[in-house]
There are 2 protein chains.
Amino acid sequence: MLSQAEENYLKCIFTLSEKTEKLVNTNSIARALDTSAASVTDMLKRLSKREYIEYRPYKGVKLSEQGDVIARKLIRKHRLWEFFLCEKLGFSWDEVHDIAEQLEHIQSDDLVERLADFLDHPKFDPHGDPIPDKEGRFSVRKQIALVDLPVGKKGIIIGVREHSNDFLKYLNQHRLTIGVTIKVLEYFEYDQSLKIRLGSGTETVISQKVANNIFVKN
Amino acid sequence: MLSQAEENYLKCIFTLSEKTEKLVNTNSIARALDTSAASVTDMLKRLSKREYIEYRPYKGVKLSEQGDVIARKLIRKHRLWEFFLCEKLGFSWDEVHDIAEQLEHIQSDDLVERLADFLDHPKFDPHGDPIPDKEGRFSVRKQIALVDLPVGKKGIIIGVREHSNDFLKYLNQHRLTIGVTIKVLEYFEYDQSLKIRLGSGTETVISQKVANNIFVKN
DNA sequence: AAATATTTTTAAGCTTGTCTAAAAATATTG
DNA sequence: CAATATTTTTAGACAAGCTTAAAAATATTT
Ligand SMILES: [Mn+2]
Ligand SMILES: [Mn+2]
Ligand SMILES: [Mn+2]
Ligand SMILES: [Mn+2]
């Protein structure tokens, strides 16, 4: 059985791997987990000995077959719990991550599957991130960043790239939440900001940074 | 913030206190937590220094005001989660304790209250144990052990004294679950066993040991 | 290619929570 | 009430997971 710390490392390596293709390096793990590089090296040696990862000193690390399975299960649990917290308990999407960070470590295969049943096997979590199925497979769907939506076109918000509390709260304040329809009215070359109209009729201007962190479908 | 280990000690001292009135002694804690007396002494010193308990070496220990509040919260969480697992996820009462043992350590006051709302503020858990309210108050209700139900009288099962898996499974097998009506048909002096008839019409004989561990109301 | 900068690992040490064995305190019994 | 039994504490050790500081390896510049 893995400790919570060990589980966090595996999940971290998984998410960093998604972005890089290459081996994950010590420093990026340390940054992500807000710990020292020395601690990371220490843990990598332990996880390597137990064959959850393939570790090449000074080169970097990737998950083993076994480690990959565990990481996917953790992400499944995390996102199922986030869905539960929003859909059943009425939390908003900026409140659920920290609680799910704890709940993902509850050990019971039975629990996960019953929870998934109870929730009708959702495919996406409250932030629009895919929930792996029992076998660890992610759903994929066509999505583009709002920055890439041409002027005059409509899109529906289906996810976010950033998950920080600040960003999610900004989105709440501007009613930019999952399911909302957006039409791009104007593009301002000067600072790459966008004027948009929501389904509700409200019009706003959003920065390039914001538009880049919102995913929409056509 | 308390570690899971520290929380387990406080909860343990609380439940042992319920039974004894007197100070809780080191050995009984060690037995309950399946650990060594030396470890217990060690922890008692730490919890005492932080004023969660009042500890008198060689004499015993009791919870401080503060420790009592925390223990009650843990029991509230534990039993709410057990209720959730049975009522919403369809677990049976012999499957929920170990999972609730983990879930009770999730840190979020908001979560507990939203969960309680979602469950309509249940007063008793799947084993018939009272769920403390937000202020830590337990509901009390009149209940007697099935052994004490006179021959010819009817009662309804509302709880159990023992919580072991073996006992709960025995009860499942004999359809002796919460809400079931029981009529005592006969008492056998020789071994203090009872002949009973269930609401369903089934008749069985149960031992004195079993009858002592079932609570009924008239 | 040598000098410099960055990344990673090693070394040493701390806290938490556990253990076993031995010593000390308390309780029980003849 | 002294001997014995039981309970509790102390002592010493260990693993996990973290820290900082120093050393070693690798990457980048000049
Ligand atoms: Mn999350
Ligand atoms: Mn999410
Ligand atoms: Mn329980
Ligand atoms: Mn219970």
Side-chain angles (χ1 to χ4, degrees), chain A residues 1-13 16-17 19-63 67 70-71 74 101-102 104-105 107, chain B residues 1-14 16-17 19-63 67 70-71 74 101-102 104-107:
Chain A
M1 243 217 42
L2 289 146
S3 71
Q4 298 204 179
E6 291 165 332
E7 290 192 334
N8 285 336
Y9 275 90
L10 294 184
K11 193 161 66 99
C12 179
I13 294 166
L16 291 174
S17 294
K19 293 166 193 162
T20 55
E21 289 294 311
K22 288 183 283 184
L23 293 183
V24 176
N25 51 309
T26 304
N27 255 4
S28 60
I29 298 172
R31 219 175 306 120
L33 294 180
D34 193 27
T35 187
S36 70
S39 299
V40 174
T41 302
D42 216 66
M43 181 61 96
L44 293 183
K45 283 195 274 190
R46 277 199 298 272
L47 289 171
S48 177
K49 193 184 302 179
R50 294 168 62 189
E51 300 197 309
Y52 292 112
I53 59 174
E54 288 166 33
Y55 170 50
R56 299 187 50 212
Y58 291 104
K59 299 303 177 186
V61 69
K62 67 172 192 173
L63 294 176
I70 292 168
L74 286 166
E101 218 41 46
Q102 300 178 60
E104 74 191 10
H105 299 293
Q107 302 285 354
Chain B
M1 243 218 41
L2 289 146
S3 70
Q4 298 204 179
E6 289 166 333
E7 289 192 334
N8 285 335
Y9 274 92
L10 294 183
K11 194 162 64 100
C12 178
I13 294 166
F14 184 93
L16 291 173
S17 294
K19 294 166 192 164
T20 56
E21 290 295 310
K22 290 182 282 183
L23 294 182
V24 176
N25 52 308
T26 305
N27 255 3
S28 61
I29 298 172
R31 218 175 306 119
L33 295 180
D34 192 27
T35 187
S36 70
S39 299
V40 174
T41 301
D42 215 68
M43 181 62 96
L44 293 182
K45 283 194 274 190
R46 278 199 298 271
L47 289 172
S48 177
K49 193 183 300 178
R50 295 168 63 190
E51 300 196 311
Y52 292 112
I53 60 174
E54 288 165 32
Y55 169 50
R56 300 186 51 213
Y58 291 103
K59 300 302 178 189
V61 69
K62 68 171 190 174
L63 294 177
I70 292 168
L74 285 166
E101 249 347 87
Q102 299 178 61
E104 74 191 9
H105 299 293
I106 303 292
Q107 303 284 354

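The chains referred to below are lettered A, B, ... by the order of the sequence lines, with proteins before strands, and numbering in each begins at 1.
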S.K.: Tell me whether the side-chain N/O atoms of A/Asn27 come closer than 4.0 Å to OP1 or OP2 in C/dT8.
M.R.: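 Yes, A/Asn27 has a side-chain N/O under 4.0 Å of OP1/OP2 on C/dT8.
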S.K.: With sequence neighbours left out, write down each residue that passes side-chain contact (heavy atoms from CB on, under 4.5 Å) with B/Glu7, or none if nothing qualifies.
M.R.: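 So B/Glu7 forms a side-chain contact (heavy atoms from CB on, under 4.5 Å) with B/Leu2, B/Leu74, B/His105, B/Gln107.
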S.K.: Give every pair of a protein N or O atom and an N or O atom of nucleotides 17-20 of chain D that lie under 3.5 Å apart, one pair per line with the distance.
M.R.:
from, atom 1, to, atom 2, distance (Å)
D/dG17, OP1, A/Ser3, OG, 2.4
D/dT19, OP2, A/Thr35, OG1, 2.8
D/dT19, OP2, A/Ser36, N, 3.2
D/dT19, OP2, A/Ser36, OG, 3.1
D/dT19, OP2, A/Ser39, OG, 2.7

S.K.: Does D/dC14 have a Watson-Crick or wobble mate here (both distances under 3.5 Å), and if so which one?
M.R.: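 Its partner is C/dG17.
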S.K.: Please state how far atom OH in B/Tyr58 lies from atom P in C/dT26, giving the value in whole angstrom units.
M.R.: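 It is 7 Å, rounded to the nearest whole Å.
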S.K.: For C/dT7, does either OP1 or OP2 sit under 4.0 Å from a side-chain N or O belonging to A/Lys59?
M.R.: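 False: A/Lys59 side-chain N/O out of range (4.0 Å or more) of C/dT7 OP1/OP2.
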S.K.: Between atom NZ in B/Lys49 and atom P in C/dT15, what is the gap in whole Å?
M.R.: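 Atom-to-atom, B/Lys49 to C/dT15, this comes out as 10 Å.
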S.K.: For B/Met1 and C/dT15, give me the distance from atom CE to atom C1', rounded to whole Å.
M.R.: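 Computing the B/Met1:CE to C/dT15:C1' distance gives 15 Å.
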S.K.: Within a strict 4.5 Å, meaning less than it, do heavy atoms of the B/Ile29 and B/Val61 side chains meet?
M.R.: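 Contact flag for B/Ile29/B/Val61 side chains = yes.
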S.K.: Using 0.5 Å steps for rounding, measure from the NZ atom of A/Lys62 to the CD1 atom of A/Ile13.
M.R.: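 One finds 12.5 Å between NZ of A/Lys62 and CD1 of A/Ile13.
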S.K.: Verify the contact: side-chain N or O of B/Tyr55 to OP1 or OP2 of D/dT9, cut-off strictly under 4.0 Å; return yes or no.
M.R.: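 Yes, B/Tyr55 has a side-chain N/O under 4.0 Å of OP1/OP2 on D/dT9.
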S.K.: To the nearest Å, give me how far apart CG (A/Leu44) and P (C/dT10) are.
M.R.: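 Spelled out: CG on A/Leu44 to P on C/dT10 is 11 Å.
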S.K.: Return the value, rounded to whole Å, for the distance between atom CG of B/Leu47 and atom P of D/dT9.
M.R.: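 Taking atom P of D/dT9 as the reference, CG of B/Leu47 is at 13 Å.
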S.K.: Does a side-chain N or O of A/Asn25 approach OP1 or OP2 of C/dT8 to a distance below 4.0 Å, or not?
M.R.: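 The answer is yes; a side-chain N or O of A/Asn25 sits under 4.0 Å from OP1 or OP2.
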S.K.: Under 4.5 Å between any side-chain heavy atoms of A/Ser3 and A/Tyr9, yes or no?
M.R.: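 Of all side-chain heavy-atom pairs linking A/Tyr9 with A/Ser3, none is under 4.5 Å.
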S.K.: If you round to the nearest 0.5 Å, how far is NZ of B/Lys11 from CD of B/Glu6?
M.R.: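 The distance works out to 15.0 Å.
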S.K.: For B/Arg31, does its backbone N or O pair with a side-chain atom of B/Thr35 as donor and acceptor, under 3.5 Å?
M.R.: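 Not confirmed, B/Thr35 side chain does not pair with B/Arg31 backbone.
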S.K.: Would you kindly give the CG-to-P distance between A/Leu33 and D/dA16, to the nearest whole Å?
M.R.: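 Atom CG in A/Leu33 sits about 18 Å away from atom P in D/dA16.
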S.K.: Using atom CD of A/Glu7 as one end and atom C1' of D/dA16 as the other, report the distance to the nearest whole Å.
M.R.: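 Going from A/Glu7 (CD) to D/dA16 (C1'), I get 15 Å.
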S.K.: What integer distance in Å separates A/Arg56:CZ from C/dT9:C1'?
M.R.: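 The answer, rounded to whole Å, is 16 Å.
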S.K.: Among the candidates C/dT8, C/dT10, D/dT10, find the nucleotide nearest to the side-chain atoms of A/Lys45.
M.R.: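 When the side chain of A/Lys45 is considered, C/dT10 is the closest of C/dT8, C/dT10, D/dT10.
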S.K.: Where the side chain of B/Thr20 meets the backbone of B/Leu16, is there a donor-acceptor pair that is under 3.5 Å apart?
M.R.: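 Checking the backbone N and O of B/Leu16 against the side chain of B/Thr20, a donor-acceptor pair under 3.5 Å is found.
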S.K.: Look at all strands and tell whether B/Thr41 reaches a base, only sugar-phosphate, or nothing, counting heavy atoms closer than 4.0 Å.
M.R.: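 Base contact.
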